[in-house]
There are 2 protein chains.
Amino acid sequence: MALPSGKHDVFQAIADPTRREVLKLLTDHEMPVSAISGHFPITRTAVSKHLRILAEAGLVKERKVGRETRYRLETQPLQELKSWLNYYERYWENKLSALQRFVESDEE
Amino acid sequence: MALPSGKHDVFQAIADPTRREVLKLLTDHEMPVSAISGHFPITRTAVSKHLRILAEAGLVKERKVGRETRYRLETQPLQELKSWLNYYERYWENKLSALQRFVESDEE
DNA sequence: TTGACATGAAACCAAAAGGTGTCATATAAT
DNA sequence: ATTATATGACACCTTTTGGTTTCATGTCAA
């Protein structure tokens with residue numbers, strides 16, 4: 001499940017700050033490429049490439065409407081990130097994990 | 001808070017599969033460089049570079065013990081990832097988000 | 001039908017990423 | 001003292017990344 005179709009996975013996709021900005025932009029709003037690229041100091045083509053990488057990771061979906069291609073956010077692949085994170089969550093410094101470590105404790 | 005000291009942040013640090021493996025290896029175990037690199041098909045030097053990147057992101061801490069340098073996991077920076085993820089969590093496919101989207105809906 | 005948009009595709013580029021091998025240095029061990 | 005170990009520091013190489021510019025194509029508007 002969640003087999004990454006392309007060569008880009010979700011970890012790589014969100015590594016770039018611009019791509020994270022794009023995702024935030026698409027929150028609640030389906031947007032065409034030019035509207036998206038209007039928010040960045042880089043060329044439309046560069047934004048288009050970022051969008052393709054996000055699409056490969058499944059984080060956005062495209063829909064062609066007339067002469068424009070509209071992109072929308074797809075959060076489902078973030079589940080993988082969530083579960084990855086979940087593995088380390090028990091080591092965090094908070095009441096619950098502190099309790100856990102106390103109970104399970106066998107360290108120095 | 002969590003100001004990234006070096007040029008590598010946590011998003012970039014976890015983008016690489018090898019580095020994620022290193023983090024998993026260090027779970028519960030402080031390890032010297034050679035012991036870590038023994039788990040990978042790449043050279044010790046390469047592993048060392050990965051460790052430096054992880055250290056820049058604050059995900060590992062080093063401690064010199066005699067002639068070896070031991071690394072241990074530091075999960076605190078993952079909090080940033082967690083809160084980033086948290087922003088999108090409300091859009092996931094579950095009862096609550098479905099209800100939200102129904103209420104706020106103004107799409108075709 | 002003639003332009004004006006919106007986008008994708010291709011060729012190209014500089015810099016960063018991920019590796020390698022070699023060498024220097026500090027610390028054990030004999 | 002001498003040798004072996006553990007690691008960091010360099011120099012170097014190849015591929016990937018993030019960008020650019022230019023050109024082709026499809027679609028909407030006059």
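Letters A, B, ... mirror the listed sequences (proteins, then strands); counts begin at 1. Below, each value reflects all heavy atoms present in this structure, side chains not excepted, and no hydrogens, waters or symmetry copies.
- Per the geometry, CZ belonging to A:Arg63 stands 19 Å off C1' belonging to C:dG8, to the nearest Å.
- Nearest to the side chain of B:Glu68, among D:dG19, C:dA6, D:dT7, sits D:dT7.
- Separating the CG atom of B:Leu51 from the P atom of D:dA6 is a distance of 16 Å, rounded to the nearest angstrom.
- Nucleotides of DNA chain D nearest to A:Thr18 and B:Pro32 differ in position, and the one nearer the 5' end is that of B:Pro32.
- Of the listed nucleotides (C:dG21, C:dA9, D:dG19), C:dA9 has the atom at the smallest distance from the side chain of A:Arg52.
- Interface remark: the A:Arg67 side chain does not form any donor-acceptor pair with the C:dT7 base, using a distance-only criterion of under 3.5 Å.
- When the C1' atom of D:dG18 is taken as reference, atom CZ of A:Phe40 falls 14 Å away, rounded to whole Å.
- Side-chain contact between B:Lys64 and B:Thr69 is present, with at least one heavy-atom pair separated by less than 4.5 Å.
- With distances taken from any side-chain atom of A:Ile42 to the nucleotides D:dT7, C:dG8, D:dT20, the minimum falls on D:dT20.
- If you measure from atom CZ of B:Arg70 to atom C1' of D:dT7, you get 14 Å, rounded to the nearest angstrom.
- Residues A:His8 and A:Arg52 form no side-chain contact, since every pair of their non-hydrogen atoms from C-beta on lies 4.5 Å or further apart.
- Regarding contacts with the backbone of C:dG19, a side-chain N or O of B:His50 is found under 4.0 angstrom from either OP1 or OP2.
- Separating the CZ atom of A:Arg44 from the C1' atom of C:dC5 is a distance of 10 Å, rounded to the nearest angstrom.
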(message) Would A:Leu23 and A:Val60 count as a side chain to side chain contact (heavy atoms under 4.5 Å, CB included) here? Give the steps.
(response) CA-CA 8 Å; A:Leu23 291 181; A:Val60 299; 4.0 Å; yes
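- Here B:Thr45 does not reach the OP1 or OP2 of D:dT7: none of its side-chain N or O atoms lies under 4.0 Å away.
- Rounded to whole angstrom, the span from the CD atom of B:Gln12 across to the C1' atom of C:dA15 amounts to 13 Å.
- Remark: B:Arg20 pairs with A:Asp9, A:Phe11, A:Trp84, B:Ile14, B:Pro17 by the side chain to side chain contact (heavy atoms under 4.5 Å, CB included) rule, at least two apart or across chains.
- Out of C:dG8, D:dT7, C:dA17, the shortest distance to the side chain of B:Thr69 is found at D:dT7.
- Closest to the A:Val33 side chain, of the nucleotides D:dT7, C:dG8, D:dT17, is C:dG8.
- Comparing D:dT17, C:dG8, D:dA11 by their nearest atom to the side chain of B:Lys49 picks out D:dA11.
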